[in-house]
Amino acid sequence: MRSPRRCSRNGCPRQAVATLTYVYSDSTAVVGPLAAFAEPHTYDLCEPHARSLTAPRGWELVRHDGDFAPPPPTTDDLVALADAVREAARPAAPPPRADETERLPGHQTGRRGHLRVIPPSH
């Protein structure tokens, strides 16, 4: 199942609502609404980290002025959620009974897990 995008800051478990992008040629850091797709050179941030971010010395910080709203669920998210609910609702297969054995012609074979114990032939 695909989980919502999380904040890129180490140890932060919150959902991302903003994207940080560095424009190196202009020495500018831009914090805006969450990008539609995760890109390799951008950072997803939660609300507290997006609001408290500071730019490196000598850089300009451009920050989105409005509220950072969590992204609406996509069709993929809804399908993944429905699949997870269906999977959780499936009854578990009954465990094999301990007294079950398989029989081969002329031999008795005990079955344990995925291994078979075949008695030595005399």
**Message:** So, using ring-ring contact (aromatic ring centres under 6.0 Å, His included) as the criterion, who are the partners of Phe68 when residues are at least two apart?
**Reply:** His64

Give the table of side-chain donor-acceptor pairs shorter than 3.5 Å for residues 18-41, with sequence neighbours excluded, one pair per line with atom names and distance.
{"from": "Thr19", "atom 1": "OG1", "to": "Ala35", "atom 2": "N", "distance (Å)": "2.8"}
{"from": "Thr19", "atom 1": "OG1", "to": "Asp44", "atom 2": "OD1", "distance (Å)": "3.4"}
{"from": "Thr28", "atom 1": "OG1", "to": "Asp26", "atom 2": "O", "distance (Å)": "3.0"}

**Message:** For a quick test of reading the model, state the closest non-hydrogen atom pair linking Cys7 to Cys46 and the distance between them.
**Reply:** SG-N, 3.4 Å

**Item:** Sequence-distant partners of Arg51, side chain to side chain donor-acceptor pair (under 3.5 Å), two or more places apart
**Value:** Glu47

**Prompt:** Do Gln15 and Arg6 come within less than 4.5 Å of each other through their side chains, counting heavy atoms only?
**Reply:** yes

**Asked** Linking I/L/V/M/F/W/Y whenever any side-chain heavy atoms sit under 4.5 Å apart, do Trp59 and Leu53 land together?
**Response** yes

**Item:** salt bridge (charged side-chain N to carboxylate O under 4.0 Å, His left out) pairs, two or more places apart, involving residues 54-63
**Value:** none

**Message:** Under 4.5 Å between side-chain heavy atoms, counting indirect links through other Ile/Leu/Val/Met/Phe/Trp/Tyr residues: same cluster for Leu45 and Leu61 or not?
**Reply:** yes

